[in-house]
Protein chains: 2
Amino acid sequence: MTKLSLTEENYLKAIYFIGGTSNQLVNTNAIAERLNTKAATVTDMLRKLKQKDLIEYQPYKGTRLKLEGKVKAIGILRKHRLWETFLVEKLAFGWEEVHEMAEQLEHIQSTELTERLSAFLGFPEFDPHGDPIPNKEGVFPRRDNVTLDRAKPDTAVMVQGVKDSSTEFLNYIAKLGIQLGDHIAVKSVEEFDRSLVVEHKNQQYRISALAAANLYIKEL
Amino acid sequence: MTKLSLTEENYLKAIYFIGGTSNQLVNTNAIAERLNTKAATVTDMLRKLKQKDLIEYQPYKGTRLKLEGKVKAIGILRKHRLWETFLVEKLAFGWEEVHEMAEQLEHIQSTELTERLSAFLGFPEFDPHGDPIPNKEGVFPRRDNVTLDRAKPDTAVMVQGVKDSSTEFLNYIAKLGIQLGDHIAVKSVEEFDRSLVVEHKNQQYRISALAAANLYIKEL
DNA sequence: AATCATTTTTAGATTTGCCTAAATTTAGAT
DNA sequence: ATCTAAATTTAGGCAAATCTAAAAATGATT
Ligand SMILES: [Mn+2]
Ligand SMILES: [Mn+2]
Ligand SMILES: [Mn+2]
Ligand SMILES: [Mn+2]
């Protein structure tokens, strides 16, 4: 229950992100790359986090979150996604603008604030990018992780989220006019490159397999 | 335009607060006391802030904000008071609960966020404690700084703010049931100790000169 | 089994922010 | 004018977080 520094919180978040749900062993270099820092710096922090019993760590072997570390990481993720929802829903920011602000807001301490924010937003289950928001017990809402590239011709789908949240991808689909909740009809799939011709907002156009693979959908 | 550290921001805020509107010279010890730190630590920071041209500072003489430092300090104060307004108006916190959270939120960087927050709140001019919120040019809204202890018998007033924002005082007047915007009728003033008998929400009670001196009012 | 490229850790510095204890300066009181 | 107490600065150190360069471990490849 000790209060973590902003830096420690960011390391836990990075380990959580890289390790994924499987809680795989995470390499020092991977953490360094994600946090734009050096492997030597990461080693220092891993020793410290192990000392605080937040992670498992054996020199040269890798690291994974222990339960307490995972709880912390999910708590930060919860705040991040709630704040992103606030920024888009209440302050009318675009979904491609909010990540950097949320990186700061996720470190605001008060859990009471977090819970009231969630209530104010109507207990949202997904953030503006369609990513699931864990509840205060750390449980994620369920969702099928089907992407548009799996859709068959002559099916109608709804856009539920983005797999790649990078500014580049968000800007690209913003240019196409695609937003969460939009309906898309798959007209045909090209054998050669798996690209799709879709109908969206009364327009027909082609979308690459790569772009389609980064759009989560629900089949209608 | 260099980005300041959280610590640097808090020093500028402290100097601004102690110096007041008059931009008086501020003593090292006063800053140390306000920030719960040691005079030696303050000296270190003053040298650094002078080096960044944010303050005037001469050893043994004291310090005052230069224009750029003052602009920064007012900007932080603006964010502090806007966030307090958000917490009370939108998240239904009590006015005595919000200061600590605002101490963290005031350091969130984005000015775009600040301006959208202000718009979302309806461009408030006063925070939940009745303190004026500077606009984005740093200009404070005008208000008469008359306190209840100046009121004459048989006058009606409205509570506009609190001079002392300490938790102790806020809890005390919360116990009396006094809120911003409340109407109070002054029935009589006791010669001996300058205490007042007031009528408030259909109740008559006595209020000390000290408590009255910490309530800003508008005469009706 | 020995070699070599990659990964990771260790060693040694740097910066920021903070501390205690010892000077030093200032200003008030004789 | 001198003395003294308070305020302030200087000196020296410490912890957190970072870096570069060197050393060590790992594991894949002859
Ligand atoms: Mn994000
Ligand atoms: Mn962060
Ligand atoms: Mn406050
Ligand atoms: Mn602060």
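Chain naming here is simple, since letters A, B, ... match the order of the sequence lines and numbering starts at 1 in each. Basis for what follows: all heavy atoms, side chains included, without hydrogens, waters or symmetry-related copies.
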(message) Between A:Asn29 and C:dT6, is there a contact of a side-chain N or O with OP1 or OP2 at under 4.0 Å?
(response) no
(request) Determine the minimum heavy-atom distance between B:Arg116 and A:Ala92, stating which atoms define it. (result) NH1-O, 2.6 Å
(request) Could you work out which one of C:dT9, D:dT9, D:dT18 sits closest to the side chain of A:Thr41? (result) D:dT18
(message) Using whole Å, what does the distance between atom P of nucleotide D:dA24 and atom NZ of A:Lys61 come to?
(response) 18 Å
(request) Name the orientation class of the two ring planes belonging to B:Phe86 and B:Phe120 (parallel below 30°, tilted from 30 to 60°, perpendicular beyond 60°). (result) tilted
(message) Is the phosphate of D:dT10 approached by B:Arg47 (side-chain N or O, under 4.0 Å from OP1 or OP2)?
(response) yes
(message) Under a 3.5 Å distance rule, please check whether B:Asn36 uses its side chain to pair with a backbone N or O of B:Ala32 as donor and acceptor.
(response) no
(message) If you compare every side-chain N and O of A:Tyr60 against the phosphate oxygens of D:dA23 (OP1, OP2), does one of them come in below 4.0 Å?
(response) no
(message) Any strand counts, and the cut-off is 3.5 Å on both contacts for Watson-Crick or G-U wobble. Which nucleotide pairs with C:dT30?
(response) D:dA1
(request) Determine: side-chain N/O of A:Thr37 to OP1/OP2 of D:dC19, distance under 4.0 Å, yes or no. (result) yes
(message) Whether B:Glu106 and B:Arg78 form a salt bridge (side-chain N of Lys/Arg under 4.0 Å from carboxylate O of Asp/Glu) is what I want to check.
(response) no
(request) Assign B:Asn27 to base, sugar-phosphate, or nothing according to its heavy-atom contacts below 4.0 angstrom with the strands shown. (result) sugar-phosphate
(request) Give a yes/no answer on whether the side chain of B:Tyr57 brings an N or O atom under 4.0 Å of OP1 or OP2 in D:dT9. (result) yes
(message) Between P on C:dT8 and CG on A:Asp44, what's the gap in Å once rounded to a whole number?
(response) 15 Å
(message) Looking only at the side chain of B:Thr28 (C-beta and beyond, no hydrogens), which of the listed nucleotides D:dT9, C:dT26, D:dT20 gets closest?
(response) D:dT9
